[in-house]
Amino acid sequence: MSYTKHTAPLIFSGDGEVWENTVVITDKDGTILALEDIQNHDAASIIQMEGALVPGFINTHCHLELSHMKGLVPTGTMLIPFITQVVKYRDFPQEAIDEAIIKADREMYERGIAAVGDISNKADTFSTKEKSKIKYHTFVEMFDFLNPTMTAGCITQYEAVYDQHHKTKDKFSYVPHAPYTVSPSLFEFINSQNEKHDITVSIHNQETKAENDLFLTKQGEFIDFYASFGIDLKDFKATGKNSIHYALAHMDSRKKTLFVHNTMCTDEDIQSAIQWNENTYFSTCANANLYIENAIPKYTRFINANAKMTIGTDSLTSNWQLCIFEEIKTIYKYCSYIDIPTIITWACANGAKALGFDDELGTISVGKKPGLVLCPIYRKEKSYHLGEGYSKRII
Ligand SMILES: [Zn+2]
């Protein structure tokens, strides 16, 4: 059997450990055959690299189908003006949309992303995903603007998207868009459709203060936003609690669930979500939060609650690139109290568990085929630091 030996000064396991003086031995398909002491190998037989080897990254939140809008929407507008702008850019030639999807998928792979949790409102990405070297969990995302008169139409529209996905090899599920756009009856439909499948569900959560305001008092910017689209909210009643509690009341607590963004989560919100479901995961999209709201979540709250953190890029409409290593850099730049092995655990092992790909991905372990990524991470006395440069897939 042919095999390859790689080493670098640092090797991150993907779930918290860091090894030195270690050789990673893989077969020709990239399956890890062994991890061995460098002393036992002839140096000439090993490919030596500078920096650190990390398992393939898991991007738990992306919208690949929005890749063609890169750079179009200005930064720092806040979420509601951002969404209003995105809606304006609906009419693009299909060719430009398709080309941008193919390019973004390739770039994610080259920067070391091994699996993606990807939101789809359309079927535009399905043919690229089918051919991709990346594993995808597609989330067919639904919303009826909290409006029971729109639920049936929404179901018809998204059943058509879901059925097209049926023909592809990847994992897929129906998911609610966000607490502020999904009625109780639409949540019921989503739960019933996912019931028999071993899949993950995701929901955008507490990305902006206005979302909590809507649920606390039925006031704030979302009221004007809905009015501007001519949608009435007469069936919606404020719950008097932050928005996540509405999601917890209507989602299926037996499903692995990813809450995405969470910029406005309180300690109580985080604890409630963890108590609700032992398979609660949180996806942080730091660069997208900075792009849209110039904000970043309070990570100490999640760490103190022992929350299972994962990392997403969101879309090229709200990010400068789709690269998990760039997310790691940003998290560490603004919150260097979190050590690098911990952030890598968010980006690798936790993400793989969240999307159900942990049998193959997420850690450098014998028998898995996680991909190997070379990153500019170096030792600095007892800790680590991030150098200039980018991540690069080597296997
Ligand atoms: Zn999103």
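Atoms within a ligand are numbered from 1 in the order they appear, just like the ligands themselves.
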### Task
Using the Zn ion (ligand 1) as the apex, give the angle to atoms OD1 (Asp314) and NE2 (His61), rounded to 10 degrees.
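OD1 of Asp314 and NE2 of His61 make an angle of 90° at the Zn ion (ligand 1), to the nearest 10°.
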
The Zn ion (ligand 1) to nearest N/O/S of His63 below 2.8 Å |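 So His63 does bind the Zn ion (ligand 1) by this criterion.
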
| Heteroatom test (N, O or S) for Cys62 near the Zn ion (ligand 1), limit 2.8 Å |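 No - counting backbone and side chain alike, Cys62 has no N, O or S atom under 2.8 Å.
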
Taking NZ, NE, NH1 and NH2 as the nitrogens, is one of them in Lys135 or Asp170 under 4.0 Å from a carboxylate oxygen of the other?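 Salt bridge: no.
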
NZ or CZ of Arg111 within 45° of Phe325 ring axis and under 6.0 Å
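No.
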
- Would you say Lys218 has more than 12 foreign heavy atoms packed within less than 6.0 Å of its NZ?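 It does: Lys218 NZ has more than 12 such atoms within range.
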
_Check the orientation of His261 and His204. Use parallel for under 30°, tilted for 30 to 60°, and perpendicular for over 60°._
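Judged by the thresholds at 30° and 60°, the geometry between His261 and His204 is parallel.
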
